[in-house]
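Here the structure is laid out as structure tokens; the discussion comes afterwards.
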Amino acid sequence: MVRSNGQDEMLSLLSWLQAMGADAAVGDTAQDWLQRGNDAPGAAFAWPDRDEAASATRPAPHAARGADEGQSPVRARAVLGAPGASGSPQAARPRAVTPLGASEAETGARRIARAANSLQELEAALQNFDGCGLKATATKLCFYRGAPSSDLMIIGEAPGRDEDLAGKPFVGRAGQLLDKMLSAIGRTEADVHITNVVYWRPPGNRTPTPQEALACRPFLERQIELVAPKILVAVGGSAAKEMLGASEGIMRLRGKWREIEIGDRKIPAIATLHPAYLLRTPAAKQLAWMDLLQIRSKL
Ligand code: URA
């Protein structure tokens, strides 16, 4: 095939964008985000009122703006193949807007999450929730994997590519190692509940922003109430910081029991190393093993 110079330039620009981590289509037309000035993206987002929140079944109240706002201009403009094209539940949905008003997102999410009385209802509420911008670029919602009710709940950082395609947390290489770690303390998928701090894959596998975590947090708290675990395990630095409300690095946070207040319960929680880190740094497995022993004895 003969290509013109212009096509070659476009292709090389696309490869550069891909190399920069822009791997998701977020709109049909390019947008100049710098021209928006200081206008908060998503400012026009209308939260449902209480009655609507209770049913939590409405589609997005606005048309798509066509971008995962709150990310770098490069990522927001990238068009590298349509996500959700596989007929996933999100494929036919309008694009969501990322509300950067974090407390607004959190309040709206809390109303919706509280109304869910089962994991099924919570999942349905999440499917209809457009307050977390990650949904715009993700293929599928990743709610949980494992037992609906368990004494052991594992909370990771965010779905990656494999999870995004499967719609389940921790199914890639890191997930396989996590399963091995759990089996070392006598656990299988049938008796553990596995989820993440955010329910959708961040583009390019970046760390979720505090706003994204905050928007998902009320759903996570409701999920914890419904699963009713005896202990919580935060996996990796980002999940540990988010769950334990701490700012130290994972090496300081791991291996120490703390309590997390969820509803009217105080739940013992511990942080450990992320299996993806253990894959890169096998020498750290001995630290993870010490954490696993603590988890086993607490159970
Ligand atoms: N890493 C995570 O933190 N969660 C997943 O679901 C997969 C990889």
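The figures that follow rest on heavy atoms only: side chains count, while hydrogens, waters and symmetry mates do not. Keep in mind the model is a prediction, meaning the values are calculated, not measured. First listed ligand is number 1; within each ligand, the first listed atom is number 1.
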Margin query: Between Gln223 and Tyr199, do the side chains contain a donor N or O and an acceptor N or O under 3.5 Å apart?
Written below: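 There is such a pair between these side chains.
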Check: At what distance is the nearest protein heavy atom to atom 1 (N) of ligand 1, and which residue and atom is it?
Finding: His274 NE2, 3.2 Å
Margin query: Give me the residue, atom name and distance of the protein heavy atom closest to atom 4 (N) of ligand 1.
Written below: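 Nearest neighbour among protein heavy atoms for atom 4 (N) of ligand 1, to 0.1 Å: Asn196 OD1, 2.8 Å.
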Margin query: Closer than 4.0 angstrom, basic N to acidic O: yes or no for Asp151 and Lys298?
Written below: no
Notebook entry, point to check: Hey, is Glu189 close enough to Arg145 for a salt bridge, meaning N to O under 4.0 Å?
Noted result: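 Looking at Glu189 and Arg145, the cut-off is met.
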Next item on the list: Below 4.0 angstrom from a heavy atom of Pro169, which ligand 1 atoms are there? Numbered from 1 as shown, please.
Entry: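 Answer, ordered by atom number: 6 (O).
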Checklist line | Per-atom contacts of ligand 1 with Gly156, taking only distances under 4.0 Å to non-hydrogen atoms | finding: 3 (O)
Check: In Å and rounded to the nearest 0.5 Å, what is the CZ to CD1 distance from Arg254 to Ile270?
Finding: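 Reported to 0.5 Å precision, the distance equals 8.0 Å.
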Item checked: Location of contacts on Glu157 toward ligand 1, heavy atoms closer than 4.0 Å ->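 Both backbone and side chain of Glu157 come within 4.0 Å of ligand 1.
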Checklist line | Pro202 to Leu134 - nearest heavy-atom pair and separation | finding: CA-CD2, 3.5 Å
Next item on the list: For side chain to side chain donor-acceptor pair (under 3.5 Å), just list the numbers for Thr209 and Glu212, CA-CA rounded to whole Å, side-chain angles, deciding distance to a tenth of an Å, and then say yes or no.
Entry: CA-CA 5 Å; Thr209 64; Glu212 288 156 356; 3.3 Å; yes
Margin query: Regarding ligand 1, does Ala158 bring an N or O atom to under 3.5 Å of one of the ligand's N or O atoms?
Written below: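 Yes, at least one N or O pair falls under 3.5 Å.
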Check: What about Phe170: any of its N or O atoms under 3.5 Å from an N or O on ligand 1?
Finding: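 Yes: some nitrogen or oxygen of Phe170 is under 3.5 Å from one in ligand 1.
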Notebook entry, point to check: So is Lys168 in contact with ligand 1, going by heavy-atom distances below 4.0 Å?
Noted result: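 No.
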Margin query: Contact between ligand 1 and Ala276 is defined here as a heavy atom of the residue under 4.0 Å from a ligand atom; is it met?
Written below: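 It does not, in that no heavy atom of Ala276 comes within the 4.0 Å cut-off of ligand 1.
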Next item on the list: Check whether any side-chain heavy atom of Val227 sits under 4.5 Å from a side-chain heavy atom of Pro148, and report yes or no.
Entry: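 No; the side chains remain at least 4.5 Å from each other.
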